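Please read the structure below before turning to the comments.
The shown structure was predicted, so the numbers you read here are calculated from the model rather than taken from an experiment.
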Amino acid sequence: ALHVTSTADVAASVNGTGYSTELEQDLVDVVSKLDANEGAIDATVLEPGMAENSKFTCDDASVEFWQSFQRETPATTLENLQEAASIASKHLSEGPQAVEYWAKCAARTSYFLTNALLGTGAYTLAERMAGRGDAEGIFGSVSGGSSVGIDTSIASRLLLEAALVYEQDWTSVAQGDLKMPWDMEAGHRQTTPRYALRQTSRFVREAVGTLRRRDGLKQTRTWLDDASQESMGYPDYYLNQFHHQTDGWFSKESADVYETSTETLFLGRQDSMQRRTLVPLSKLPVKPSSILEVACGTGRVGTFTRDLFPEAEFTLSDLSPFYLDKSRKNDAYWRQRYAGTNGGAEPPAARLVQANAEKLPFEDASFDAVTCVYLFHEMPAEARANAAAEMARVVKPGGTVVFTDSIQRGDRPALDEGLDKFENLNEPHYPSYIRSDVPKYFTDAGLVCGDKSVASTSKTLSFTKPL
């Protein structure tokens with residue numbers, strides 16, 4: 001929460017922090033009312049992650065839990081590891097499916113932890129060979145690092161958070177809200193040594209360049225020149241080399257390594273955080289028959305959506321042709337696997353549309369449901385508002401829009417002061433995003449707030465379009 005004692009304090013409290021003008025005006029209004037005839041007062045204005053809770057039906061088991069998680073006193077490395085182990089072990093008595101789920105989650109996190117160690121080791125070695133010691137590793141931008149680039153207390157907490165998010169996902173599976181992740185099926189390509197080694201090799205090569213650019217503390221722009229940008233209609237913010245990843249959103253190589261890179265940063269919990277997007281849809285009284293995913297990236301989330309709603313007409317849109325092509329390949333692989341495991345013909349291919357989220361090329365009221373995952377933190381405020389308005393426009397009356405993105409200030413107070421460090425991953429709009437009024441983007445476009453849930457460092461908000 002922000003504390004101010006007079007209207008004169010508002011500018012000092014807000015200036016340079018990235019808070020929206022709406023929040024600044026809220027501060028002025030609150031202080032003006034309380035300070036009218038009473039002299040100095042102490043007013044408290046909630047951070048956006050807390051302030052929005054009254055607008056939604058909150059899943060208290062997740063919203064309240066993550067708000068209080070290690071809020072007062074961080075746990076020790078040993079305590080984090082012990083709790084992570086106890087979470088997994090307590091579910092093993094729930095049957096063969098539970099054993100399969102948790103065994104594969106353990107293998108998953110072990111794989112991505114190994115990637116983190118290998119990427120950090122390769123970068124540290126490359127820097128020392130170049131005479132530039134004291135390199136931070138994979139988690140350096142958000143933790144402060146250690147002699148090997150990984151702070152053990154941070155790493156153990158991330159392992160615990162992975163276990164807690166897996167538990168949220170497993171609970172939804174056990175309750176019938178979600179299906180078992182389709183990539184856990186026997187014979188899936190990512191379980192083969194050849195595939196795993198290829199992705200690790202790609203990631204380690206990428207990690208050296210990514211970490212070197214990060215430690216240079218410079219915003220980097222992708223290779224596309226100004227003339228090409230103008231002729232193709234790409235917004236200027238989109239050409240930022242987000243995450244310091246090679247080529248930004250503009251190469252096949254970037255798309256091929258993206259999933260492995262981000263899951264390594266999250267130690268394997270990204271899929272489970274993003275699958276929270278599906279829970280509001282799974283609880284609808286009528287299954288959506290047409291679904292649009294905006295800014296689909298590699299299309300991985302889309303495969304989980306399709307697996308839950310295989311009969312729905314599905315559209316994937318993204319501004320990057322390279323990532324849209326990766327979506328096409330992931331969709332084709334899901335369709336092949338689905339047909340093989342269900343003994344039938346392949347479902348129709350997803351419709352693939354290259355589009356700017358601010359200017360969706362669809363008719364009004366075209367879709368029963370619209371989803372958007374991990375987009376807004378990479379957009380300036382005006383672009384967020386435009387994208388929200390477009391999603392509201394193309395969803396049908398009575399339809400649902402589901403938004404999943406990073407937590408904001410107030411969602412996890414224990415992390416509030418460290419969230420800005422994520423800007424070091426070349427995320428220039430992140431400080432503004434974590435201070436913005438996200439629900440307002442959607443309610444200003446005519447939508448009504450629905451449900452809210454939190455999973456580690458992601459949150460999911462659902463909205464409904466009135467009939």
Side-chain angles (χ1 to χ4, degrees), residues 56 59 169 172 177-179 181-182 259 262 270-284 286-320 323-324 326-327 330-331 334 347 350-358 360-362 365-379 384 386-406 438-439 441-442 445 447-455 458-465:
F56 292 90
D59 171 24
D169 189 64
S172 294
D177 292 330
L178 298 180
K179 294 174 65 174
W182 71 277
E259 294 169 9
T262 54
Q270 178 174 257
D271 274 356
S272 294
M273 292 192 297
Q274 294 179 337
R275 273 164 55 90
R276 307 317 297 165
T277 308
L278 307 182
V279 175
L281 299 183
S282 72
K283 294 183 176 181
L284 293 174
V286 178
K287 292 183 179 180
S289 60
S290 56
I291 303 173
L292 165 68
E293 183 178 350
V294 176
C296 65
T298 65
R300 185 170 177 85
V301 178
T303 64
F304 293 114
T305 309
R306 295 208 72 185
D307 201 52
L308 189 61
F309 302 105
E311 297 179 359
E313 295 179 356
F314 197 67
T315 302
L316 293 163
S317 72
D318 198 89
L319 191 51
S320 167
Y323 277 69
L324 200 61
K326 185 67 174 180
S327 295
N330 278 337
D331 182 68
W334 170 79
R351 180 186 179 192
L352 299 157
V353 180
Q354 186 181 6
N356 184 341
E358 297 183 68
L360 295 174
F362 308 113
S366 295
F367 303 95
D368 293 326
V370 178
T371 63
C372 180
V373 179
Y374 288 10
L375 171 65
F376 275 30
H377 71 273
E378 294 184 345
M379 305 175 90
R384 293 179 211 133
N386 292 339
E390 281 294 273
M391 287 183 257
R393 179 182 66 80
V394 302
V395 74
K396 295 178 181 178
T400 301
V401 174
V402 186
F403 164 94
T404 295
D405 211 310
S406 165
V438 168
Y441 295 132
F442 293 93
L447 301 186
V448 177
C449 296
D451 298 327
K452 174 180 177 176
S453 66
V454 177
S458 292
K459 69 175 175 183
T460 296
L461 308 175
S462 70
F463 302 87
T464 302
K465 186 171 185 176

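- Note that CE of M379 and CG of L375 are 4.5 Å apart. Values are rounded to the nearest 0.5 Å.
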> Can you check side-chain hydrogen bond (donor to acceptor under 3.5 Å, both in side chains) on T404 and S458, steps first, answer last?
Replying inline: CA-CA 7 Å; T404 295; S458 292; over 6 Å; no
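- Between the side chains of S289 and D368, a donor-acceptor pair is found at a separation under 3.5 Å.
- Checked by atom type, the side-chain pair T262/Y374 shows no donor-acceptor distance below 3.5 Å.
- Side-chain atoms of S462 and T400 include no donor-acceptor pair closer than 3.5 Å.
- With contacts defined as side-chain heavy-atom distances shorter than 4.5 Å, the pair K459/S453 does not qualify.
- R300 and D271 are joined by a salt bridge, as a carboxylate oxygen and a charged side-chain nitrogen come within less than 4.0 angstrom of each other.
- Residues M391 and V294 form a side-chain contact, since some pair of their non-hydrogen atoms from C-beta on lies under 4.5 Å apart.
- Taking the ring centroids of F367 and F362, they lie under the 6.0 Å cut-off.
- For the residue pair R276 / S172, a side-chain donor-acceptor distance below 3.5 Å is found, with atom types taken as modelled.
- In this structure, a donor-acceptor pair under 3.5 Å is present between the side chains of E259 and T298.
- A centroid separation of 6.0 Å or more is found between the aromatic rings of F304 and F314.
- Taking the ring centroids of F463 and F56, they lie under the 6.0 Å cut-off.
- Relative to the ring axis of Y441, R384 does not place its NZ or CZ within 45° and under 6.0 Å from the centre.
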